[in-house]
Amino acid sequence: MAEKNTNTNAEAPKKANFIHAQIDADLAAGKNDKRVHTRFPPEPNGYLHIGHAKSICLNFGLAQKYGGKTNLRFDDTNPSKEETEYVESIMEDVRWLGFDWEDRLFYASDNFPKLHAFAVKLIEEGKAYVDDQNAETISEQKGTPQKPGTESPFRNRSVQTNLDLFERMTMGEFNEGEKVLRAKIDMASPNMHMRDPIIYRIMKAEHHRTGNSWCVYPMYDFAHGQCDYWEGITHSICTLEFEVHRPLYDWFITQLMDSDYRPRQIEFSRLNLTYTVMSKRKLLELVKDNHVRGWDDPRMPTISGLRRRGYTPESIRNFSDKIGVTKVDGMTDVSLLEFSVRDHLNKIAQRVMGVLDPLKVVITNYPEDKEEILSAVNNPEDESMGRRDVPFSREVYIEQSDFMEDPPRKFFRLGPDREVRLRYGYLIKCNEVIKDENGKIVELHCTYDPESKGGKSSDGRKVKGVVHWLSAKHAVKSEVRLYDRLFTDEEPDAHKDVDFKEFMNPDSLKVLDNCYLEPFVKTAKALDHFQFERTGYFNLDPDSTPELPVFNRTVPLRDSWAKAQKK
RNA sequence: UGACCCAUGGUGUAAUUGGCAACACGUCUGAUUUUGGUUCAGAAGAGUCCAGGUUCGAGCCCUGGUGGGUCAACCA
């Protein structure tokens with residue numbers, strides 16, 4: 001018998017990318033004892049977002065593929081921006097995504113003493129000097145990308161003077177901005193980063209880990225490569241904007257190395273997603289100015305926001321695999337992300353009937369006090385999830401949008417004298433439409449076909465429409481939060497003259513407070529995933545109380561009817 | 001008036017040492033369906049930024065353009 005290839009995404013081998021090719025070449029050349037050791041190096045100055053997830057999946061994925069290791073390293077060299085709160089959220093998010101750094105948790109700040117000693121060594125070798133000029137002057141002397149810079153008058157101080165001055169900087173003798181330590185490289189280099197870069201600056205700020213023990217802090221360029229080196233990193237993967245830093249990265253490594261081992265920087269393009277922003281600065285602005293409820297607002301592209309929204313780690317990892325890794329600056333359509341989460345939730349989500357916008361239906365030929373228990377499938381994609389009981393009675397709620405008094409062509413839901421099936425229940429026919437004094441439809445009177453239970457009908461007739469419903473007296477009242485994209489523009493931060501906040505979508509959050517759900521949702525735990533049948537995927541928000549469950553809509557179901565209606 | 005990087009359907013990516021441009025999302029049909037979901041079957045959509053060159057043969061190699069990105073923080 002021919003076997004069908006049902007290779008799922010989870011099992012499918014990851015597509016090779018250009019980094020794999022480079023690692024393969026390094027391995028073939030026998031570099032670094034054929035080790036592969038990567039690291040994920042966030043600065044703890046904000047919450048992680050979906051772009052970081054791409055980097056996390058890449059770095060940890062590489063280690064998995066090559067039998068190597070991945071470190072988690074906090075790049076905490078700027079005490080003015082960094083906080084312990086961020087450190088904690090980052091660790092939580094990486095773990096939640098499903099990755100484990102085992103015992104390899106590092107901080108750049110762990111290396112402050114070694115970094116300082118290395119700076120002293122450079123001074124001794126005549127490769128670094130203390131500059132007394134202010135930031136503005138130094139900047140002017142840097143020149144422009146087109147024009148070479150000029151040398152600082154302090155460039156040729158004696159080793160002894162530099163040693164003395166740097167020591168006094170370290171002891172806190174000078175104020176912020178009075179002096180900096182610079183590497184002596186090449187003020188005429190076509191690469192701005194090689195024009196005597198600043199490697200240490202005076203900062204009298206409290207560091208979230210080292211407190212007040214330091215008055216001088218290393219710059220990123222003077223810390224990152226060295227940390228890579230000391231941690232034994234072989235492939236230091238970062239985003240494209242660091243490409244021009246690579247010569248400097250290599251320069252410091254050359255000063256440091258004492259064997260054949262040499263880490264190597266490789267750059268890839270960061271993730272851009274439509275209808276959102278992805279810079280920590282802008283996300284922080286949204287949080288600080290209360291445009292959203294916090295870093296974990298379900299509308300945010302942060303890992304914590306996506307988690308609260310109802311995304312699963314699997315769906316994010318899967319998305320990450322799908323988008324691949326290249327050096328092309330692009331813009332990924334958010335529909336790819338939405339596909340990933342639907343795809344996963346379809347397989348795992350418990351089904352439930354939920355009426356978001358209720359319309360009362362009285363089944364006039366159903367006995368007043370009768371109640372029945374109907375049986376519903378928990379997940380048609382997964383038999384092992386079993387079935388559940390759903391109570392049925394004379395008065396039910398259906399969705400307002402499932403009834404039209406004057407239905408258009410191809411509308412196969414309820415209308416006057418039309419018949420639909422109540423999912424898992426009976427066929428009902430609408431006989432009477434009750435309106436209030438304003439003409440608004442407030443209630444429907446229907447009759448049911450007692451022979452139609454369980455998919456049959458008394459005479460074999462079939463109906464096209466199936467609607468979800470809830471027994472009015474059993475239903476649990478809930479709040480439901482519907483989310484839409486945070487911005488109305490595909491690239492809100494791509495407009496030169498308009499602030500990205502001008503494009504914020506005023507309807508990005510819609511709160512429905514008159515929703516009904518099956519009774520069993522009372523037992524749900526925060527973040528549990530559900531599919532509200534015919535509506536979308538939802539999860540239980542931590543804001544829920546025993547009296548009032550609150551649900552977030554993760555993503556709507558695909559809806560070909562709504563799509564057809566738009567045309 | 002520089003250095004470095006990038007360019008393949010609408011979007012994201014593939015394409016062994018040069019060998020019929022493939023996959024996914026999205027879009028559109030149709031079938032199945034007690035979710036207008038899922039699943040299944042199928043379709044449309046690029047000739048690979050441009051111009052030369054090498055070659056039997058170029059998305060891939062070479063040359064020159066064009067377009068885009070990054071770099072002039074005591075941020076990372």
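Keep in mind that this is a model prediction, so the values were computed, not measured. In what follows, every chain begins at residue 1, and chains take the letters A, B, ... in the order their sequences are listed.
In this structure, A:M331 reaches the sugar-phosphate backbone alone: every heavy-atom distance under 4.0 Å involves primed, P, OP1 or OP2 atoms, never a base. Within the nucleic acid shown, A:P380 comes within 4.0 Å of at least one base atom, counting heavy atoms only. When heavy atoms are screened at a 4.0 angstrom cut-off, A:V325 is found touching the sugar-phosphate backbone but no base atom. Residue A:R413 is classed as a base contact, given a heavy-atom separation below 4.0 Å to a base.
No close placement of the A:H224 and A:F242 rings is indicated, their centers lying 6.0 Å or farther apart.
The aromatic ring of A:Y220 does not sit over the base of B:A76; the criterion of centres under 5.5 Å apart with planes under 30° is not met. Judged by centroid separation below 5.5 Å and plane tilt below 30°, A:F339 does not stack onto the base of B:A24.
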- Which letters describe nucleotides 65-74 of chain B, given B = protein heavy atom under 4.0 Å from base, S = only from sugar-phosphate, - = neither? ----SSSBSB
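The base of B:U38 does not come close enough to the side chain of A:R558 for any donor and acceptor atom to sit less than 3.5 Å apart. Side-chain atoms of A:E381 come within donor-acceptor range of the base of B:G37, with a qualifying N/O pair under 3.5 Å.
At a threshold of 4.0 Å, the pair A:K327-A:E243 counts as salt-bridged, since one of the basic side-chain nitrogens sits closer than that to a carboxylate oxygen.
When the side-chain nitrogen and oxygen atoms of A:R534 are compared with OP1 and OP2 of B:G36, one or more of them lie within a distance under 4.0 Å. Of the side-chain N and O atoms in A:T326, one or more sit less than 4.0 angstrom from OP1 or OP2 of B:U13. Neither OP1 nor OP2 of B:U33 sits under 4.0 Å from any side-chain N or O of A:K464.
Using Watson-Crick or G-U wobble geometry with both donor-acceptor distances under 3.5 Å, B:U35 finds no partner in any strand shown. The base-pairing partner of B:A58, taking Watson-Crick or G-U wobble contacts with both distances under 3.5 Å, does not exist among the strands shown. Across all strands shown, B:U66 forms a Watson-Crick or G-U wobble pair with B:A7, both key distances being under 3.5 Å. Across all strands shown, B:A22 forms a Watson-Crick or G-U wobble pair, both distances under 3.5 Å, with B:U13.
By the rule that a glycosidic angle within 90° of 0 means syn, B:G47 counts as syn.
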